[in-house]
Amino acid sequence: MDPESKDVAGPPTDAPASTTRDDAISTETVPKDSHVSPTTIASERPSAPAATQQPLLETPEALRQDEDGHAESTPKQTRVEPSSLDASLVAAASAVETPRDRPDDTDYIQHPVQAAQLAEEQELEFEDDADSALGSDTESATTTLSESIYNYRREHGRTYHAYKDGRCQADSTKREADRLDLQHHLFRLTFGNRLYFSPVKELKHALDIGAGTGLWAVELADAHPECEVIGIDLSPGQPTLVPPNLKFLIDDAEDVWIYSQPFTFIHARLMAGCFADWPNFFRQAHQNLEPGGWLEMQDYGLPVKSVDNTHLSTDVHRWGELLCAAARNLGRPMGSDVSESYKEWMREAGFVDIQTKMFMWPINSWPKDPYWKELGRWNQVNILEGLEGFCLALLTRGLGWRKEEVDVFVGRVGRDLRDRRIHAYFPMPVTFGRKRWPGEMV
């Protein structure tokens with residue numbers, strides 16, 4: 001790795017030991033019917049350099065005072081060795097990408113900690129033998145918070161978040177949290193161990209929208225101890241033992257953003273299906289970036305695709321069409337209905353230097369190449385573990401299906417996800433753009 005890239009990529013971005021989840025959390029009540037300042041669930045900078053249990057009750061004013069007075073140097077984070085999971089995933093790659101040298105000071109693309117293959121969209125060879133037709137590679141992968149937040153709504157035996165109920169159709173169970181952690185490692189494998197692709201020159205203040213279980217924000221904060229990181233989500237499922245330069249808030253990105261200072265980098269992952277007014281989201285992101293700051297959207301496409309049309313007339317393809325139709329009926333479009341429009345909406349909001357990188361997730365282990373086969377196995381687990389939750393919320397709320405109908409359909413889709421004769425994949429676009437400098441001509 002180029003020595004100059006040390007300041008760009010930072011320390012290794014492997015998952016730190018500080019990601020331990022703590023189910024005992026305390027915070028203030030957030031009114032359900034009116035938006036207030038974001039509720040802090042992991043808070044203030046400790047005096048010791050190591051990650052420690054954080055004081056959990058903090059007002060918006062205290063947040064601003066902390067941000068105004070953070071001139072002292074941020075404690076240096078302890079280097080975390082690569083996990084065995086990351087090592088096994090990287091070892092599966094049949095080809096590697098060598099980080100290129102930085103030709104000048106304008107190239108600040110984050111290089112991976114170690115050389116790794118990228119899962120960029122391409123035509124893949126598939127196995128053609130009778131034994132690969134059907135079969136599953138999957139086995140399961142995998143102080144009280146106030147009543148207004150932890151009072152998750154139960155529906156058809158699933159649990160959904162209560163804060164801003166109905167805004168996002170994601171399941172909030174412990175099993176789903178485990179799946180999201182697995183999914184983060186799947187992204188790491190897909191992106192060659194990168195956390196982002198935006199050529200951010202200087203990370204000072206970063207915002208992670210839809211933080212989920214918090215792994216991405218934790219790893220960014222560990223890799224860049226000089227950067228103040230804020231992670232927001234509708235559900236309080238983030239760890240409380242976090243790096244000192246990281247805070248998690250319960251907040252809704254659809255409401256008016258009230259952050260006390262602009263960001264140099266805003267990251268959002270898998271948010272398709274969560275917003276009703278996407279152009280407004282991009283306008284607010286643009287308004288809350290410093291000049292020269294970057295916004296990066298890491299998302300998915302749906303329905304699935306294939307290069308040989310083996311996905312056509314299958315239940316897994318119909319599944320994507322039905323989910324997108326249900327999301328449109330609920331006023332929160334998802335999949336390719338939104339991810340294919342990100343560049344246009346970003347341009348309308350004022351972003352420049354907009355780029356899209358296309359990646360892909362095979363639905364199972366149908367590819368012949370060992371790297372892609374491993375990627376498909378991980379994604380098969382990822383989708384099968386979340387399949388019932390994806391379908392129940394959308395198909396019952398958006399299309400009026402009965403639970404019994406959903407259960408039958410889930411079984412049929414699951415069978416397709418195990419069928420290696422279907423050479424389907426999910427397109428996984430990454431779109432990023434920059435806020436122009438004052439007086440900059442396009």
Side-chain angles (χ1 to χ4, degrees), residues 152-180 182-183 209-210 212 233-235 237 252-254 268-278 281 297-305 311 313-342 361 363 379-417 424-429:
Y152 291 126
R153 179 177 67 186
R154 295 194 61 81
E155 183 177 325
H156 305 302
R158 308 292 295 193
T159 305
Y160 299 89
H161 57 77
Y163 180 59
K164 296 301 180 72
D165 192 16
R167 290 292 183 94
C168 192
Q169 313 305 325
D171 186 3
S172 299
T173 61
K174 173 63 167 64
R175 183 173 179 177
E176 173 66 2
D178 291 340
R179 187 189 71 85
L180 292 176
L182 178 150
Q183 186 172 257
I209 298 173
D233 202 283
L234 293 176
S235 296
D252 186 356
E254 284 195 294
R269 175 182 285 180
L270 300 181
M271 297 304 293
C274 292
F275 298 144
D277 188 350
W278 276 99
F281 166 81
M297 308 294 297
Q298 300 176 1
D299 232 307
Y300 66 97
L302 202 66
V304 297
K305 298 180 178 181
H311 71 295
S313 301
T314 63
D315 285 308
V316 70
H317 183 251
R318 182 168 177 257
W319 167 67
E321 293 179 323
L322 290 171
L323 291 190
C324 289
R328 287 193 295 269
N329 290 345
L330 293 171
R332 298 180 182 278
M334 65 183 297
S336 299
D337 284 351
V338 292
S339 61
E340 292 182 354
S341 299
Y342 285 165
W361 284 356
I363 65 169
N379 189 42
Q380 185 185 34
V381 174
N382 174 46
I383 300 301
L384 286 173
E385 286 290 303
L387 185 59
E388 184 184 35
F390 301 152
C391 293
L392 274 174
L394 283 163
L395 298 183
T396 58
R397 298 178 193 176
L399 295 182
W401 287 27
R402 300 190 310 273
K403 183 180 185 299
E404 295 75 19
E405 295 176 297
V406 176
D407 290 341
V408 172
F409 185 60
V410 165
R412 288 160 50 187
V413 175
R415 180 177 177 84
D416 278 359
L417 289 168
Y425 66 89
F426 294 87
M428 304 295 294

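Expressed to the nearest 0.5 Å, how far CE of M297 lies from CZ of R269 amounts to 12.0 Å. Taken to the nearest 0.5 Å, the CD1 atom of I363 stands 7.5 Å off from the OG1 atom of T314. Once rounded to the nearest 0.5 Å, the distance linking CG of L399 with CD of E405 reads 10.0 Å. Atom OG of S235 is separated from atom CD of E176 by 9.5 Å, given to the nearest 0.5 angstrom. Rounded to the nearest 0.5 Å, atoms CZ (F426) and CG (N382) are 8.5 Å apart.
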Test side-chain contact (heavy atoms from CB on, under 4.5 Å) applied to Q183 and L270, step by step: CA-CA 11 Å; Q183 186 172 257; L270 300 181; 3.1 Å; yes
Criterion side-chain contact (heavy atoms from CB on, under 4.5 Å) on F390 and M334, from CA distance to verdict: CA-CA 12 Å; F390 301 152; M334 65 183 297; over 6 Å; no
Derivation and outcome, side-chain contact (heavy atoms from CB on, under 4.5 Å), residues D252 and L234: CA-CA 6 Å; D252 186 356; L234 293 176; 3.8 Å; yes
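The pair E388-R175 fails the salt-bridge criterion, with no side-chain N (NZ, NE, NH1 or NH2) lying under 4.0 Å from an Asp/Glu carboxylate O.
Across all their heavy atoms, G301 and S336 have their closest contact at CA-OG, 3.3 Å. Residue A272 comes nearest to V338 through the heavy atom pair CB-CG2, 3.3 Å, listed as atom of the first residue, atom of the second, then distance. Closest of all the heavy-atom pairs between D233 and G212 is OD2-N, 2.8 Å. The two residues N329 and G398 have their closest heavy-atom pair at ND2-O, 3.1 Å. For the residue pair P427 and P303, the shortest heavy atom distance occurs at CD-O, 4.3 Å.
Here the side chains of L182 and E385 are not in contact, with every heavy-atom distance at 4.5 Å or above. Within the 4.5 Å cutoff, side-chain heavy atoms of R332 are placed close to those of E254. Residues L417 and L387 form a side-chain contact, since some pair of their non-hydrogen atoms from C-beta on lies under 4.5 Å apart.
For the side chain to side chain contact (heavy atoms under 4.5 Å, CB included) test with W319, the passing option among V410, I383, D416, L395 is I383; the others fail.
Here salt bridge (Lys or Arg N to Asp or Glu O under 4.0 Å) pairs that include residues 314-330, with residues two or more places apart or in two chains, are D315-R412, R328-D337.
Y300 meets the ring pair (Phe, Tyr, Trp, His ring centres under 6.0 Å) test with no other residue; sequence neighbours excluded.
Although no hydrogens or angles enter the test, the distance criterion places a donor-acceptor pair under 3.5 Å between the side chain of D299 and the main chain of M271. Between the side chain of T396 and the backbone N or O of W401, no donor-acceptor pair lies under 3.5 Å.
Relative orientation of the Y342 and W278 rings is tilted, given thresholds of 30° and 60° on the angle between their planes.
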